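Heads up: the structure comes next, in structure tokens.
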There are 2 protein chains.
Amino acid sequence: MSQLNFFLALSILTSAVAFAFAAYLYLWVKKQGTVNEKIIEVSALIKQGANTFMRREYKILGVFSAVVAVIIFLFLPSPIWKSAAISSNLGMALSYILGTVLSAIAGKIGIMVATLSNSRAAEAAQKGIKPAFLIGFRGGAVMGLLVVGCSLLGVATVLWLVGDASILLGFSFGASSLALFAKAGGGIFTKTADVSADITGKVELGIPEDDPRNPAVIADNVGDNVGDVAGMGADLFDSNVAAMASALVIAQSLTGTWANTAMVFCYGVLGLLASILGIATARLGKKGNPTKALNSSTYVTTGIFLVLTAAATAFFEGFSWRIWGASSVGLLVGVIIGLATDYFTDDSKPIVKKAAHASASGPAFTILSGVAYGFISALPAMVGIAVSALAAYKICEPMGAGYSLFGISMAAVGMLSIVGMIISNDAYGPIVDNSRGLAEMGELGEETIRIADELDSAGNTVKAVTKGFSIGAAGLTVISLLGAFMAEVNEAIKAAGGTELITGFDIMDPTVFFGVLIGAAIPAVFSAMLILGVDKNAQRMVSEIHRQFNSIVGLREGTAKPEYDKCIDIATTGALKELIPAGLMSIIATIIVGFIGGPSAVGGFLLGNIVSGLLLALFMSNSGGLWDNSKKYVEAGNEGGKGSEAHKAAVIGDTVGDPFKDTAGPSINTQITVVSLVASLLSTLFVAFSIFG
Amino acid sequence: MSQLNFFLALSILTSAVAFAFAAYLYLWVKKQGTVNEKIIEVSALIKQGANTFMRREYKILGVFSAVVAVIIFLFLPSPIWKSAAISSNLGMALSYILGTVLSAIAGKIGIMVATLSNSRAAEAAQKGIKPAFLIGFRGGAVMGLLVVGCSLLGVATVLWLVGDASILLGFSFGASSLALFAKAGGGIFTKTADVSADITGKVELGIPEDDPRNPAVIADNVGDNVGDVAGMGADLFDSNVAAMASALVIAQSLTGTWANTAMVFCYGVLGLLASILGIATARLGKKGNPTKALNSSTYVTTGIFLVLTAAATAFFEGFSWRIWGASSVGLLVGVIIGLATDYFTDDSKPIVKKAAHASASGPAFTILSGVAYGFISALPAMVGIAVSALAAYKICEPMGAGYSLFGISMAAVGMLSIVGMIISNDAYGPIVDNSRGLAEMGELGEETIRIADELDSAGNTVKAVTKGFSIGAAGLTVISLLGAFMAEVNEAIKAAGGTELITGFDIMDPTVFFGVLIGAAIPAVFSAMLILGVDKNAQRMVSEIHRQFNSIVGLREGTAKPEYDKCIDIATTGALKELIPAGLMSIIATIIVGFIGGPSAVGGFLLGNIVSGLLLALFMSNSGGLWDNSKKYVEAGNEGGKGSEAHKAAVIGDTVGDPFKDTAGPSINTQITVVSLVASLLSTLFVAFSIFG
């Protein structure tokens, strides 16, 4: 017990260190300063727009969370009128609220520093690539440190206060609720703005990207921040919390030592320390290749983590080398999945070139080749997740009953251990993307724009790796969530006085099979609703842009300013309006399946959901990424270059890919986690009431 | 025993009746005659081209089958050096060969009558829609009757001769091998020709569809026959045989009465009789709506089947009403899935109109809306399959152990009972599609072309329904194949002297989960390989067309004839070349997973394969269908009509949809069946040798 308390205290302390380091980086970025008035003005507009979105989002989310918190208090973990200890209901509700609040804080501060860094990186690019890179990277790192710090702090605090890991499912559900809003809502926001700006600007009016006359241009830049910075941060906060929570639930169900629980925290602490070291030492090398700098910091962090955890395993009594093995397998497979994703989306590799070449035959071939390679790209990641789950299981099997599942959850924890580094790299992308826009709007000159372009391109390439990583981690996490669901069901059965515990979900059982088929359809429908949501919302924004060009005198000539806020309003309101039905659909489907088929059907439902969700997420993220980079490849002068037929076709591919890779694809993770947690939370009800269960 | 023999004899007799009726229809069609010389000439070219493809295909297939037959003889059901009865190895090998031969005969004759009907229907259209409809329909019906007759004959004969249902898996595998070549190979052929003809003709040269100057035009017409007539026939032959075979394997594993086995044949017989009645009574109503005529013949057949099977259940002792209920649920759900598919792909319904409207904003929106609605369209079918499986199981559960699985297999048999009718309707499509082309090439005048167009459009609409039906049936069939796999594994365990039988596949078992994830990726990779195959092959054909236009003097002016056979050669060779790696990939993946994880991993693999296969098949078939019809809707004068921007965008959607709906989507069924049968056949080996099994 004292050993565990030591690690809980250490977790909270390490979070504090991370916050302190984040504060240092924040102040460092802030110190860099800006002088260009235009940049300051536009940057302020972006900041203000991002705040508008966040305020609205948090307001709706506040109402939503309050309602959910009351429901949790009344029903979970067991109906309050049946519950012996009202305190667990209260604990669960409060833990839920804490999950949303911590994630929201991380997102809010992350956006703040991102909108601060973009202008500074743009101006620094005048002095060269090195200082600009460092500002972009450190701005992103603040987000990375905050997310991991908050998740470690939250999980440790909740466990310290209540001692029961299943209450953490409430915390995790809070993180998921926020991620659903931030990632899927932000995804709709960002693509609404992006698509509308492109259609009206580049296509209809013939003005360049990032031209300040376009009323959607600020919304587009805001979108990078709310979708890619805040959304991605909330997504990985969610995955990280879910991985730790499910590992802890399983650890507590194991008989024997407290060391298992302690190990989860120890790995969290060491992952955070490794990320801090990786961030602190990241520099642009002599040759000044930003992609290499970002990737090598990932490898450095990975290496440090493996060494530190090995040392901890050797040092602490009760820590098992088998668990270390499972976690290392998870981390290494994560890196391999990232590299495989890179192979399919990097424009220096053959696949993107092939897709670009297909564009020369027309847009239909751009789409067909992107779809085909996107399908194929799912294979390495699926195999990677499958192999790591099997390996982790087999490594830990000799430790005794239940340990094999714990091994899988520790593989997920391992894969997510360097999440601080991953988020830093990922948030770097939208920051330098914004910088590029600001450099153009601030008229900083060709050389500066070229440097900003180079930084931006590195962001795109690295994004592919981090996205593959986060989907892989989500894949492993949800396996352990499936285990956590089973554990919860058995708790519920015991609590109801039953003795026939569930030992698994047999696919030959038709209620399980029933669940599998329906569960598999849900991510497809969810994705479709988000894609159609972007489409509908973009139509609204395009009409608004047309209205402004028709009614604001001098806008076309650049003598009058557009009403940027109207576009931001539309993107915000529409995003939240389109998101809610998609989220509710997934939750309601889970509940219907549960009340028809009981826990077995829900187990099947979760499996179907995970499997088709992973497949579709990989397909959409990767095909979107490869279309984007294949357009860039053509724009770099290949296959006829800008303005050629191949370019037109590649642009169409990129437009299709936008909602694939930035809205639907990455939101599926969150959908899976939300559904898994809803299932775990409602397990008591499914055990008590179901038609065929 | 005598009761079973009665039904076996009845099956063979009914097959004979079906063959006789088919012969009558064939002679009736032949009697109609043709006079237009140009039509006779072109029709002969199409026939010749189709024969070229079939000859090549059957030649390669002959070699392939011979090799597989030898392998089967050596290893299956158990290695020949260990086998007590060499006769079962011989029986399995011969039954495999019979499966390929019967399917090949049905395909061959079907093509023969289809290429006979197309010219006759074209000329009859000069006299009006009624006679033309009847020729098209009856030509298709010959295929329908042959397929069902051959499958019933084959299954009954094999069981009569050997008495052991598991030998039927060999027969079923033979049917699957042929279906893989016919459906996937034919699918690559038809889309290679279609895409190449469109790109060079409509886009580059500005000549109309079906213009005889285009060297690819005959290949395009041949493709309709080899892909849609022979391919689709082989596909449904395969599903039908697989459904009966797995129902019979499960029936024999049930303790008790022979009536279960008898029921499978009884339902087959009554389904065939119902189809014969439906075909014989099909006429174009007074209002002359061909879609209505086709659909109402489906409903008539459904009704007759339900009444006849109810009567049989009341009459024969040992026939259970519960099994009748399961089978009826299957059939009704099949109809419902068909209607749902129709909702998403019929251009008089809102979805197609929405996709057409999206095209007005550009091709990216055509693609995005088609993908989104395609995703959503998978839901009703997935829910339908899930509900019918659960209902069939629950209906038959009270009958005792094993009956619930038998109920599911009988739901599949029920859904496929009217397959004779389904194939008739489906084969009608390519026949009248060809007629339209012939009417244009034979210059039969505008009114005739209009009638041919109307008949063609009905073919497209009905195709959607039959496709939904066949995917639904495949979904249920593969569930019973999963059951058959488990039965085979347990036989193998017993034969090896083991006592620990497999009772199911638990998704919490990581070897099962490992299989699920990899199995789910396979249909995506398989589809991608077929799509890329079409793409590569089309590039070859486009070069050939360019060569002909550049080197044949007078071709452009219409004074010289193109070398049609060169294009047919390319389509043929390429199709088979591109198909084989995709088929091998699926089979090898199954074997690798089996040798790594043993039977449990294979069970998971099959589940993952089924689930993601169904999802992708529904998505691709339906989105392809809706793009096709949305193009037709725009061409009918909506959203700006022909030549508008919306039309250009819709054409791009249609081109993307072509390999989706005619190559990859419908081939996934076959891939799933092949993989399931390979798994069942190799179960002995997986039990004996595997790393983690």
Side-chain angles (χ1 to χ4, degrees), chain A residues 199 358 361-365 367-369 371-373 375-376 378-379 382-383 385-387 389-390 393-394 404-405 408 479 482-483 486 503-511 513-514 516-518 520-521 524-525 527-528 531-532 535 597 603 607-608 611-612 614-615 619 652 655-656 659 692, chain B residues 199 358 361-365 367-369 371-373 375-376 378-379 382-383 385-387 389-390 393-394 404-405 408 479 482-483 486 504-511 513-514 516-518 520-521 524-525 527-528 531-532 535 597 603-604 607-608 611-612 614-615 619 652 655-656 659 692:
Chain A
I199 289 184
S361 310
F365 296 92
I367 302 297
L368 284 172
S369 65
V371 167
Y373 291 121
F375 277 158
I376 296 177
L379 185 67
M382 299 285 274
V383 172
I385 298 170
V387 168
L390 186 59
Y393 190 98
K394 290 287 168 188
S404 24
L405 200 58
I408 294 180
I479 303 179
L482 203 57
M486 196 171 77
T503 54
F505 304 102
D506 177 7
I507 55 187
M508 299 305 294
D509 172 349
T511 47
F513 199 90
F514 166 82
V516 171
L517 283 178
I518 296 179
V525 176
S527 307
I531 292 173
L532 292 173
D535 195 18
L607 177 79
V611 170
S612 96
L614 284 176
L615 183 69
F619 157 57
I652 292 170
T655 313
V656 171
F692 293 115
Chain B
I199 289 183
S361 309
F365 295 92
I367 302 297
L368 284 172
S369 65
V371 167
Y373 291 122
F375 276 158
I376 296 176
L379 183 67
M382 299 285 275
V383 172
I385 298 170
V387 167
L390 185 60
Y393 190 99
K394 290 287 169 190
S404 25
L405 201 58
I408 293 180
I479 303 179
L482 203 57
M486 197 171 77
F505 304 103
D506 177 7
I507 54 187
M508 300 305 294
D509 173 349
T511 48
F513 198 90
F514 166 82
V516 171
L517 282 178
I518 297 179
V525 177
S527 308
I531 291 173
L532 292 173
D535 195 17
L607 177 79
V611 170
S612 97
L614 284 176
L615 183 69
F619 157 56
I652 291 170
T655 312
V656 172
F692 295 114

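Because the structure is predicted, anything quoted here is derived from the model rather than measured.
- With respect to chain B, the highest number of heavy-atom pairs below 4.5 Å among A:I652, A:I376, A:L390 belongs to A:L390.
- Contact tally against chain B (heavy-atom pairs below 4.5 Å) for A:L532, A:T655, A:V525: the top residue is A:L532.
- In this structure, A:I479 CD1 and B:M508 CE are separated by 9.0 Å, a value rounded to the nearest 0.5 Å.
- In this structure the side chain of A:V516 never reaches within 4.5 angstrom of the side chain of B:I507, judged on heavy atoms.
- No other option in A:L368, A:I385, A:I408 has as many heavy-atom pairs under 4.5 Å with chain B as A:L368.
- Both the backbone and the side chain of B:F505 come within less than 4.5 Å of a heavy atom in chain A.
- Contact record, B:L615 with A:A521: CD1-CA, 4.2 Å, taken as the closest heavy-atom pair.
- In this structure, chain A has heavy atoms under 4.5 Å from both the backbone and the side chain of B:V387.
- A:D509 pairs by the side-chain hydrogen bond (donor to acceptor under 3.5 Å, both in side chains) definition with A:T511, not counting sequence neighbours.
- Counting only heavy atoms from C-beta outward, the side chains of B:V611 and A:L607 never approach each other to under 4.5 Å.
- Listed options B:S527, B:S369, B:S361, B:A364 were ranked by heavy-atom pairs under 4.5 angstrom with chain A; first place goes to B:A364.
- A pairwise comparison of heavy atoms in A:A372 and B:A528 identifies O-CB, 3.2 Å as the closest pair.
- Under the ring pair (Phe, Tyr, Trp, His ring centres under 6.0 Å) criterion, A:Y393 pairs with no residue at all, not counting sequence neighbours.
- Looking at B:L482, the atoms closer than 4.5 Å to chain A (heavy atoms on both sides) sit in the backbone and in the side chain alike.
- Neither the backbone nor the side chain of A:S404 has a heavy atom closer than 4.5 Å to any heavy atom of chain B.
- B:L379 touches chain A through backbone and side chain together, each having a heavy atom under 4.5 Å away.
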